[in-house]
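What follows is a set of notes on a single structure, which appears directly below.
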Amino acid sequence: MALWSGRFTEDVSEFTQRFGASLPIDKQLYAQDIAGSKAHARMLGQQGVIALDDVEAIVAGLDRIQARIEEGEFAFDINDEDIHMSIEKALIADIGEAGARLHTGRSRNDQVVTDTRLFAKQRCHDLMEANLQLRRVLVDAAKEHFDVILPGYTHMQHAQPVFLSHHLLAYAWMFSRDFGRLSAAYEAADVCPLGSAALAGTTYPLDRRATAADLGFSGVTANSLDAVSDRDFLLDLSYAASVSCVHLSRLAEEVVLWSTSEFGFITLSDAFSTGSSIMPQKKNPDFAELIRGKTGRVVGDLVALLITLKSLPLAYNKDLQEDKEGAIDAARTLEDCYTCMAGMISTMRVNAEAMREQVNKGYLAATDVADYLAKKGLPFRRAHEIVGHLVLLCDQRKCGLEDLSLEDFKAESDLFEADITGALDAESIADARMTEGGTGRDAIRDQLRMIETGLLADESRL
Ligand code: ARG
């Protein structure tokens, strides 16, 4: 019989028992549940609600249960419904009467959300660490390949030359914003609901702030109805995970593209590639594809939780039991994706020559040739048109802008002088983009300094 079965005369069916149970998922929260119970018991003792001897027996009993779980000796029973019931029942079986006093002034409704908040805080912390590791890898790669030049793209068409360092740092910035989102999710989780009891608070003289402090929470929730039904912190975690996975999927997509024979920009290490069961020559970027694919599931986790919460009346409803599976999955998936991406980037080979070769295609200097004329006083729109003619000429001759003679240039505009050839060199073109945040190497150096300062600041927050 369940611990709540006093007013029942019939047992639930085996099916409804299984259907209603959250144990297969929430047993992952055993450590948080035990920590929460110990803190609650200690506070009950301090407030004189239960005897100090009972507190001692409860704490020692809970420690024994934790050891049994961790040694794989705890027999989880689906009939216990959830981790809270499992542990409480085992405690009562172990220490009797004292164990039966633990649930004084508490409900599973404030207990479950306390556990979940502790769990979410831990996961946010782990994810922030994994996020930092990926950013370090990107920054190291940007430094290592600082001078490598490649085409920058818009619409997947060659646009203007950029440095690879600039391209890699673009991702580092995305992930540093994600760190901010994870940190916001951590803060959202960082208030303690214990003391809200089932929905309305409790008549016992609880010291909510003492329990909160004991558990490392920064504060307590302000409204008991909100406290037992609020899962915004899980939405925040799932949202942060979704956005970061979307960023990872963008990088993963470029890894897939760049490792094709059409691009050949990078070669993944064998450790991050797989073969084909039929085509002996194949080396597939499976792990980048998986990161791309897993993003769908993480975004699904967010949407599922949003819809679970939609239209829920106050206060606790059993629907809320569906909150954990997706959020746990989103956090675990993101952590794995961070680890995988960091490994893949730090071990890939960059084929600078292949990148360089593509820089010579697609008239990447066209904007700069137009700027050359505009800087000599020609209105930019006019200059744009003239360079358009030059590109057309190159198209017809199947050559690059750098293959045109000064006469070819002059035939389009008198403003062209011999120094036009200097405007066609990809490195100079890129380096000339000195605006803050541009791809000029001096600007990238400033950017690197900023991103490293941010990394240090974020490291110090952990
Ligand atoms: N297993 C439940 C959950 O995860 C715990 C709270 C249940 N409370 C209740 N009164 N049924 O949400």
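Each ligand, and each atom within it, is numbered from 1 in the order the structure gives. Bear in mind the structure is a predicted one, so any value in this text is a computation, not a measurement.
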Geometry only, no angles: is E81 polar-contacting ligand 1 at N/O separations under 3.5 Å?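 E81 vs ligand 1: no N/O contact under 3.5 Å.
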
Check whether any N or O atom of N109, backbone or side chain, sits under 3.5 Å from an N or O atom of ligand 1, and answer yes or no. yes

Among E322, R108, Q111, which one puts a heavy atom closest to atom 11 (N) of ligand 1?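 Nearest option to atom 11 (N) of ligand 1, by heavy atoms: R108.
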
Is the distance from the ring center of W258 to that of H167 below 6.0 Å? yes

Give a yes/no on ligand 1: does K324 have at least one heavy atom closer than 4.0 angstrom to it?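 Right, K324 reaches ligand 1.
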
Shortest protein heavy-atom distance from atom 6 (C) of ligand 1, along with the residue and atom involved: Y316 OH, 3.5 Å

For atom 5 (C) of ligand 1, the protein heavy atom that lies nearest, with its residue and separation: D82 OD2, 3.4 Å

Is D63 salt-bridged to K38, cutoff N-O under 4.0 Å?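 Yes, this pair counts.
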
Does S229 use its side chain to pair, donor to acceptor, with the backbone of L225 at less than 3.5 Å?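 Such a contact is found between S229 side chain and L225 backbone.
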
List every atom of ligand 1 that sits less than 4.0 Å from any heavy atom of Q321, numbering the atoms from 1 in the order shown and giving each element.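 So the atoms of ligand 1 that pass are 1 (N), 2 (C), 3 (C), 4 (O), 12 (O).
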
So for atom NZ, which belongs to K318, do other residues, nucleotides or ligands contribute more than 12 heavy atoms lying within a distance under 6.0 Å?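 Result for NZ/K318: enclosed.
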
Determine whether F233 and V191 make a side-chain contact, defined as any pair of heavy atoms from C-beta on separated by less than 4.5 Å. no

What are the two closest heavy atoms between D33 and I87, and how far apart are they?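 Minimum heavy-atom separation between D33 and I87: OD2-CD1, 3.7 Å.
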
